[in-house]
Amino acid sequence: MTASHEVGAESFAEVLRERARRSPHAIAYRFVSEDESAEELTYAEVDARARGVAAGIAAAAAGRPAPALLLFTPGIDYLVGLFGCFYAGVPAVPAFPPDPTRLMRTLPRLAAIIEDSGSDVVLTTSDLAPFLAEWLATAVAGRAPGVVAIDALDRGGDHGVPARPARPSPLALLQYTSGSTALPRGVMLTHAHLMNNCRDISRAFGVHAGSSGGIWLPPYHDMGLIGGILTPLFTGIPMSLMSPVTFLRRPLSWLRMISRYGATITGGPNFAYDLCVRRATEADVEGLDLSSVELTFTGAEPVRAETIARFVERFRPCGFRAASFYPCYGLAEATLFVTGGTPLGGWRSVSVERAGLELRGVADPAPPTEPSRTLVSCGVPGPGTRLLIVDPAGHEPRDDGSVGEVWIDSPSVADGYWRRPEESGATFGARTATGDGPFLRTGDLGFVLDGELFIVGRMKDLIVLNGRNHHPVDIERVCESSVTGIRRNCGAAFAVEHDEEATERLVVVYEADLGAEEQYRAAIDGIRRTVSIEMNVPPDAVVLVRPRTMPKTSSGKVQRWLARRQYVAGELEELARYDRRAPEERAGTRREP
């Protein structure tokens with residue numbers, strides 16, 4: 001996408017208005033329902049409906065410029081609610097709507113976001129509005145936010161809302177982090193941050209006039225919101241969307257959407273590709289045409305070489321090109337995109353010696369006979385982005401091939417966390433031992449080799465046992481590659497402190513399909529044996545839990561910190577467990593939640 005395709009603007013309200021002026025009848029977004037029917041909106045239709053929402057916000061907020069909470073199931077209403085906030089000049093706060101099957105888990109997080117953000121208005125739809133109004137009256141201390149059902153608003157007319165928001169504050173979004181390693185915090189993103197990152201994405205992805213997109217990612221999460229909604233508007237390409245619920249129920253519906261509409265850009269987390277391979281039948285694959293795909297991004301969780309290889313092998317007969325795979329790295333605190341490769345340039349992996357990684361923190365090439373770990377390159381930083389690998393304790397930059405914390409300086413780095421000045425200073429104002437900075441501390445461990453970034457794991461997830469560093473993803477990977485009866489991408493390895501022995505204990509938790517006790521016993525024995533042999537560290541405890549009960553973020557990442565908390569509190573929905581300290585609890589013993 002050349003600069004001529006960009007719209008000169010200072011906010012996304014202006015971008016939308018200009019798209020509607022230049023190409024009023026062009027398709028902006030297409031939302032594909034579970035029955036695979038589609039609702040399409042032109043730029044002019046999005047613009048008109050967003051202006052109507054802005055008028056509704058103005059009436060409900062009575063002039064108060066507080067953030068507005070978005071509570072929608074994925075769909076067209078979410079899109080126009082988001083752009084309505086931009087037109088009204090108030091920060092948007094995307095959030096998951098309450099899950100009616102898990103209200104006790106989803107409502108407390110939602111209440112915390114409302115309290116933290118200080119939202120005065122909740123945007124939703126008519127089916128959710130009565131419940132939300134009743135709940136908010138008692139759940140929020142002080143004045144409860146007003147509830148606006150946007151599907152009941154007037155969809156036509158100019159509404160007297162100016163194209164340029166009158167409010168001078170450039171704050172566009174409070175992007176609450178997904179909470180993979182901590183409680184959610186509101187990342188402050190301006191329109192300048194968003195547009196700079198959209199520009200980086202469009203250049204890195206090689207977006208051109210004939211590009212189009214197709215994704216299922218949650219619009220509440222940075223990858224789905226910025227990569228799937230804002231970047232297409234910024235570059236002026238059509239985007240096909242579907243609900244993550246639809247994808248999880250029928251993963252191949254994602255690929256059929258790509259095939260049907262000829263999408264050239266798509267992507268998702270690592271687990272999505274595994275899920276497609278696992279669920280694909282011959283009937284699903286027959287007639288599938290993936291030859292239009294030019295770029296298939298993968299990020300938001302560890303990128304696994306074996307996952308890429310399995311997906312390519314399964315869908316190459318459908319025209320899918322291995323070279324389209326595009327591993328990348330990013331995080332909400334940097335808006336989204338930080339590093340990536342070259343479109344259709346293929347992907348690179350390296351095999352490093354496991355002992356060197358665990359004991360010395362260096363990425364030495366692995367001899368053929370030594371235990372190794374394969375890591376996939378996440379590419380190089382975008383223009384204007386500076387990346388350092390830093391010793392997290394001494395704050396000294398590390399040499400190429402040495403593991404340290406990833407630090408970032410970029411125009412896309414956010415202004416900090418909403419209403420958390422001390423935490424913002426520690427995270428966004430880091431300086432090296434020589435005073436160089438400020439940098440964003442990502443909390444991710446990685447190394448640079450030949451200018452490319454390789455992610456090793458998360459600092460807070462690191463497991464230290466007997467002086468060796470173990471990354472949970474390594475333990476989880478060997479379990480999933482060798483043990484039957486456990487659900488892929490639905491497990492967590494973590495350490496808990498043994499009070500009496502003053503040591504750390506390794507715990508492995510996995511979802512298992514419902515079955516007989518013999519199956520549970522075999523799975524637990526398989527985990528114990530595999531981890532002991534492959535990682536040279538026997539688990540102190542192995543727990544199998546019910547399907548779909550492992551805590552996950554909105555992007556599908558397992559929340560190891562929350563799984564650990566639930567384990568310690570005895571709140572896991574257990575099916576069976578083994579515990580070295582409790583010999584009376586034999587492997588395979590059924591535990592009713």
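L71 places a side-chain heavy atom less than 4.5 Å from the side chain of L110. No side-chain heavy atom of F454 sits under 4.5 Å from any side-chain heavy atom of C378. At a threshold of 4.5 Å between non-hydrogen side-chain atoms, the residues R458 and L445 do not count as touching. Two residues are said to be in side-chain contact when any heavy atoms from C-beta on lie closer than 4.5 Å; Y329 and D444 meet this criterion. Looking only at side-chain heavy atoms (C-beta outward), H395 and R441 come within less than 4.5 Å of each other. Side-chain contact check for M535 versus R354: some heavy-atom pair is nearer than 4.5 Å. Between I114 and L136, the closest side-chain pair of non-hydrogen atoms falls below 4.5 Å. Put simply, the side chain of Y417 reaches to within 4.5 Å of the side chain of E333, judged on heavy atoms.
Rounded to the nearest 0.5 Å, atoms CG (L248) and CG (L275) are 7.0 Å apart. Atom CG of L336 is separated from atom OG1 of T231 by 7.0 Å, given to the nearest 0.5 angstrom. Distance check, rounded to the nearest 0.5 Å: CG of L544 to CD1 of I527 gives 5.5 Å. Summarising the geometry, atom CG belonging to N536 is positioned 10.5 Å from atom CD1 belonging to I533; distances are rounded to the nearest 0.5 Å. The line from CD of E422 to OG1 of T427 is 11.5 Å long, rounded to the nearest 0.5 Å. Taken from OG1 in T335 to CG in L230, the straight-line distance is 10.5 Å, to the nearest 0.5 Å.
Salt-bridge check for R398 with D391: failed, with every basic side-chain N at 4.0 Å or more from each acidic carboxylate O. A salt bridge links R310 and D274; the closest N-O separation between the charged side-chain nitrogens and carboxylate oxygens is under 4.0 Å. Taking 4.0 Å as the cut-off between side-chain N and carboxylate O, R546 and E574 do not count as a salt-bridged pair. Using a 4.0 Å cut-off between a side-chain N of Lys or Arg and a carboxylate O of Asp or Glu, E511 and R548 do not qualify as a salt bridge. A salt bridge is defined here as a Lys NZ or Arg NE, NH1 or NH2 lying under 4.0 Å from an Asp or Glu carboxylate O, and E476 with R560 meets this definition. Salt bridge present: R304 and E480 bring a charged side-chain N and a carboxylate O closer than 4.0 Å. In summary, R373 and E353 do not engage in a salt bridge, as defined by a charged side-chain N under 4.0 Å from a carboxylate O.
A68 approaches V90 most closely through the heavy-atom pair CB-CG2, 4.1 Å. Nearest heavy atom pair, residue L70 against residue C85, reads CD2-SG, 3.9 Å. When all heavy atoms of A563 and P551 are compared, the pair lying nearest together is N-CG, 3.6 Å. The two residues P219 and I229 have their closest heavy-atom pair at CB-CD1, 3.8 Å. Closest approach of L252 and C276 over heavy atoms only: CD2-O, 3.7 Å. The shortest non-hydrogen separation linking T73 to Y78 is O-CB, 4.3 Å.
One N or O on the side chain of Y220 and one on the backbone of F72 form a donor-acceptor pair closer than 3.5 Å. Between the side chain of S424 and the main chain of R420, a donor-acceptor pair closer than 3.5 Å is present. In this structure a side-chain-to-backbone donor-acceptor pair under 3.5 Å is missing from W418 to R185. Looking only at distances, a side-chain donor or acceptor of T138 sits under 3.5 Å from a matching main-chain atom of W135. Between the side chain of H221 and the backbone N or O of P218 there is no donor-acceptor pair closer than 3.5 Å. A donor-acceptor pair under 3.5 Å links the side-chain atoms of H193 to the main chain of V413, judged by distance alone. Counting only distance, with no hydrogens or angles, the side chain of E405 and the backbone of G443 share a donor-acceptor pair below 3.5 Å. Under a 3.5 Å cut-off, the side chain of S119 and the backbone N or O of V121 do not form any donor-acceptor pair. Between the side chain of D120 and the main chain of P145, no donor-acceptor pair closer than 3.5 Å is present. Judged by distance alone, the side chain of S351 and the main-chain N or O of T374 form no donor-acceptor pair under 3.5 Å.
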### Task
Give the intermediate values and the outcome of salt bridge (charged side-chain N to carboxylate O under 4.0 Å, His left out) for residues R477 and E306.
CA-CA 10 Å; R477 180 182 290 119; E306 57 268 29; 3.1 Å; yes
### Query
What's the verdict on side chain to side chain contact (heavy atoms under 4.5 Å, CB included) for I475 and L506, showing C-alpha distance, side-chain angles and the deciding distance?
CA-CA 10 Å; I475 298 171; L506 174 62; 3.9 Å; yes
### Query
Could you walk me through whether I486 and T484 pass the side chain to side chain contact (heavy atoms under 4.5 Å, CB included) check?
CA-CA 6 Å; I486 59 175; T484 59; over 6 Å; no
### side chain to side chain contact (heavy atoms under 4.5 Å, CB included) assessment of L173 paired with L194
CA-CA 9 Å; L173 286 175; L194 295 172; 3.9 Å; yes
### Task
For the pair L128 and V147, evaluate side chain to side chain contact (heavy atoms under 4.5 Å, CB included) and give the outcome as yes or no after the intermediate values.
CA-CA 10 Å; L128 287 175; V147 178; over 6 Å; no
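Note: W347 and F325 fail the aromatic proximity criterion, with ring centroids not under 6.0 Å apart.
No side-chain donor from either of D77 and T125 sits under 3.5 Å from a side-chain acceptor of the other. Side-chain contact annotation: W254 with T266, donor-acceptor N/O pair under 3.5 Å present. D116 and Y176 share a side-chain donor-acceptor pair at under 3.5 Å.
Heavy atoms from other residues, nucleotides or ligands lying under 6.0 Å from CD of E423 number more than 12.
Taking the six-membered ring where the residue is Trp, W407 and F439 present tilted rings, their angle falling between 30° and 60°.
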